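Quick notes on the structure that follows.
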Amino acid sequence: MHENNLALEEKITGMILEASGSLYGNAPDADQVQLQQTRREFEGDITAVVFPFIRYSKKTPEQTGNDIGRYLVDHMPEIKSFNTIKGFLNLKIDPLYWTRYLNSLLNDPSFGLVKADPKVYVVEYSSPNTNKPLHLGHIRNNLIGFSLSRILEATGHKVHRVNIVNDRGIHICKSMLAWMKWGNGATPGTTGKKGDHLVGDYYVLFEQEYRKEADRLVQQGMDPDEARRSAPLIEEAQELLRRWEAHDSDTWKTWQMMNQWVDEGFNETYRALGVSFDKIYYESETYTHGKAIVMEGLDKGVFARHDDGSVWVDLTAEGLDEKVLLRSDGTSVYITQDLGTAHLRYEDFHFDRHVYVVGNEQNYHFQVLFKVLARMGFPWAQGLYHLSYGMVELPEGKMKSREGTVVDADDLISEMIDTATGMSKELGKLDGLETSEIERIMRIIGLGALKYFILKVDPRKNMTFDPKESIDFNGNTGPFIQYTYARIQSLLRNAAERKIPVPHGVPGHVIPNSKEQSLIRRLSMYATAVSEAAEEYNPALIANYVYELVKEYNQFYHDFPVLGEPDPATRELRIALSVCTGKVIRSAMYLLGIELPPRM
RNA sequence: GGUCCCGUAGUUCAAUUGGAUAGAAUAUCAGAUUCCGGUUCUGAGGGUUGGGGGUUCGAGUCCCUCCGGGAUCACCA
């Protein structure tokens, strides 16, 4: 049977409680038992905090630790010795336990992952508007959403990846109008431009012309607000929106054509990023669903209709404001649509949990959304969660579209690949490979750098993105981890050439040295890292775990020979260690959505 | 103004969720190394965790208060 580190920790926890009961006649709750990895400067592997026990023992922390330690050594064969320092009980594990653990890891295809109670998840991410290409913020969104989906799957859940495309509304009409006025029939085919960029250009053009018009009106003495409202261009755009809502056939043809361009453009970016979806919702198809819910809420008396016909929800009792749900003309607002799609998603998937990966500027919106759905009495509303990620800033400051400092996703991706290529050439690592192979590897490294740099940061926090720092080949970077993996692969190829077999197991009597033990212990923590990452919706926990592992492996690799080790049993141990490190790196990189190069 | 989030080495990020002397990377400095001032290795310095108070065996983490930064508060999406 598979023996993993969690099992050992559970066993120790149980035994500590037993010790307390037997020695002092009473014990605290199991969650009061805190185990942690022993710090390097002390002797031992696992450390228990004894403070929770002194109220039962009525002794000093040292005496209590010694009591419990002696009990554990007497009752658990895995524990060889102990020492107590200042209320911390350090336990030394039998080194042969680690040998057995390594063997189980070597033969376990699931790398010791722990399965939780399987639940059905919907994870929504990306959610682009079709009037502009994707930018750096979307990259963070997509990477977090995609990685989170894989992490949840790895812990045994069923995950539906979902994207909602905002393909209707006044912003779309703006780019349509500009294209109709000044486009001269330009298409991605005639201009050679990616569809989403082409449409984005017309959106920008609209905004420029619109601003000019408004400025002119202000110069003629009009109030600025009034000028923005009544400029002919914006009125034309609104007229276009009305025609769209009336299903005017010419308008719809143009709209569909331009949407298709954008769709193709987005798909190319998604492909480059390596993200995908199980279902794509289009707002144009779902935006009317919310009205029915609002009507239902009215019937239930959860909402109120004002004299002008608009419908409101009053959340002042819960510390929020009043919020409009239907305009006085009966049309939907933003939140109405989200009410509808949430309901629709439940009908589609019957989820237990629904995670929205959306930027933290919408915190308030989701608070309101969840409260409204809870008030409506939908039981599934309890499973809704807003994974609110922080903004991405540049070393020069925030991205501002007004100032043209928005980092375009496609530009960034190709820039990362170029930088990777430049650095590799300089280091002379590409000699003797075919061009297509080089391109493939550089793509993997460039994107690996980008993805790792973004995913290693706690999603909730705002972060600064520095392209130069992310592509570095050492330090806490993607390429550094990829490099270590490539070196392990090369080591194994080397072993095969020298007819050194990869062992199926290490002889049970081999005692690992302290660095090897420590590395095995690190490997054993992988399962914990994954389940915590799943519980906290935080891929960064895995990224930071893998970095620690790689650092420790490199140190080990630097200190001890692997293939050059003369003693066969020790050599097998070290090869097994390398194989398992490779396995865990591969698994973790998969969860982060980062590819591994065959060589570097 | 109301609500919410954030503040950790010069910089970018960690800190096992309340645990031991707050750690890495990068930058800087000092040695070593070579064809080189850019490579590699070794080492060092760098912190009152924004300030103050409180809770307890123990606080970067929890509570209060002030300071600073950000988001949001549309019949926009």
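Because the structure is predicted, anything quoted here is derived from the model rather than measured. Letters A, B, ... mirror the listed sequences (proteins, then strands); counts begin at 1.
- Look at CD on A:Q34: it is 11 Å from P on B:rU16, rounded to the nearest Å.
- Classified by interplanar angle (parallel below 30°, tilted 30° to 60°, perpendicular above 60°), the ring pair A:H135/A:H138 is tilted.
- Side-chain N/O atoms of A:N474 include one lying less than 4.0 angstrom from OP1 or OP2 on B:rU40.
- Using a 4.0 Å heavy-atom criterion, one finds that A:T464 contacts the sugar-phosphate atoms exclusively.
- Residue A:E245 qualifies as enclosed at atom CD: its count of foreign heavy atoms under 6.0 Å is above 12.
- Positionally, the nearest nucleotide of RNA chain B for A:N90 lies more toward the 5' end than for the other of A:H171 and A:N90.
- The distance from atom CG of A:D329 to atom C1' of B:rA74 is 15 Å, rounded to the nearest whole Å.
- Of the C1' atoms belonging to B:rU26 and B:rA9, the separation is 11 Å, rounded to the nearest Å.
- With distances taken from any side-chain atom of A:I170 to the nucleotides B:rA24, B:rG7, B:rC76, the minimum falls on B:rC76.
- Here B:rU33 is in the anti range [glycosidic angle more than 90° from 0].
- Comparing B:rC76, B:rG70, B:rA20 by their nearest atom to the side chain of A:N462 picks out B:rG70.
- Contact annotation: A:K461 reaches the phosphate of B:rA14 (side-chain N/O to OP1 or OP2, under 4.0 Å).
- The CD1 atom of A:I471 sits 16 Å away from the C1' atom of B:rU26 (whole-angstrom rounding).
- Residue A:F480 is classed as having no contact, given no heavy-atom separation below 4.0 Å to the nucleic acid.
- With pairs defined as Watson-Crick or G-U wobble and both atom distances under 3.5 Å, the stems of at least three pairs that touch RNA chain B come out as B:1-7 with B:67-73, B:10-13 with B:23-26, B:28-32 with B:40-44, B:50-54 with B:62-66.
- Here the two rings, on A:Y202 and A:F206, have centers that are 6.0 Å apart or farther.
- We find that OH of A:Y547 is positioned 17 Å from P of B:rU12, with the value rounded to whole Å.
- A stacking contact between A:F51 and B:rG58 is absent: the pair does not combine a ring-centre distance of less than 5.5 Å to the base's six-membered ring with planes differing by less than 30°.
- Taking atom P in both B:rA59 and B:rG19, one finds a spacing of 11 Å when rounded to whole Å.
- A distance of about 23 Å separates the P atoms of B:rC13 and B:rG18, rounded to the whole Å.
- B:rA20 and B:rG31 have their C1' atoms separated by 34 Å, given to the nearest Å.
- The nearest heavy atom of RNA chain B to A:S328 and to A:Q37 marks one nucleotide each, and the one closer to the 5' end goes with A:Q37.
- Rounded to an integer number of Å, the gap from CG of A:N360 to C1' of B:rC4 is 10 Å.
- Rounded to whole angstrom, the span from the CG atom of A:N544 across to the P atom of B:rU12 amounts to 16 Å.
- Regarding contacts with the backbone of B:rA77, a side-chain N or O of A:R327 is found under 4.0 angstrom from either OP1 or OP2.
- B:rG51 and B:rA71 have their C1' atoms separated by 24 Å, given to the nearest Å.
- Of all nucleotides listed (B:rA20, B:rA15, B:rU12), B:rA20 comes nearest to the side chain of A:I85.
- Salt bridge absent: A:E43 and A:K92 never bring a charged side-chain N and a carboxylate O closer than 4.0 Å.
- The side chain of A:F88 has B:rG19 as its nearest neighbour among B:rA71, B:rA14, B:rG19.
- Between the C1' atoms of B:rC29 and B:rA15, the separation comes to 27 Å (whole Å).
- Rounded to the nearest Å, the gap between the P atom of B:rU8 and that of B:rU12 is 8 Å.
- Relative to the side chain of A:E361, the nucleotides B:rU16, B:rU72, B:rU21 differ in distance, and B:rU72 lies closest.
- The nearest whole Å value for the distance from the CG atom in A:L541 to the C1' atom in B:rA15 is 11 Å.
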>> Assess the residue pair A:Q367 and A:L320 against the criterion (side-chain contact (heavy atoms from CB on, under 4.5 Å)); give the C-alpha distance rounded to whole Å, side-chain angles, the decisive distance to 0.1 Å, and a yes or no.
In response: CA-CA 9 Å; A:Q367 265 188 48; A:L320 303 175; 3.2 Å; yes
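- Using a 4.0 Å heavy-atom cutoff across all strands shown, A:D458 reaches sugar-phosphate atoms only and no base atom.
- Side-chain to base pairing of A:E536 with B:rU17: one donor and one acceptor N or O lie within less than 3.5 Å of each other.
- Stacking of A:F42 onto the six-membered ring of B:rA20 is present: less than 5.5 angstrom between centres, less than 30° between planes.
- One can place CD1 of A:I335 at 13 Å from C1' of B:rA74, the figure rounded to the nearest angstrom.
- For A:V457, taking side-chain heavy atoms from C-beta onward, the closest of the listed nucleotides B:rA14, B:rG19, B:rU16 is B:rA14.
- A distance of 6.0 Å or more separates the ring centres of A:F556 and A:H558.
- Checking B:rA71, B:rC73, B:rA20 against the side-chain heavy atoms of A:R39 singles out B:rA20 as nearest.
- B:rA22 sits 31 Å from B:rU40 when the P atoms are compared, rounded to a whole Å.
- Residue A:F453 has its side chain nearest to B:rU12 when only B:rC76, B:rU12, B:rA20 are considered.
- Checked by atom type, the side-chain pair A:S175/A:N131 shows no donor-acceptor distance below 3.5 Å.
- A:S310 and A:S328 are not linked by any side-chain donor-acceptor pair at a separation below 3.5 angstrom, with hydrogens and angles left out of the test.
- As judged by a 4.0 angstrom heavy-atom cut-off over every strand, A:T47 is placed among the base-contacting residues.
- Checking A:N554 against A:R487 by side-chain atom types alone, a donor-acceptor pair falls below 3.5 Å.
- Counting only residues at least two apart or on different chains, the salt bridge (Lys or Arg N to Asp or Glu O under 4.0 Å) pairs with a member in residues 522-533 of chain A are A:R522-A:E552.
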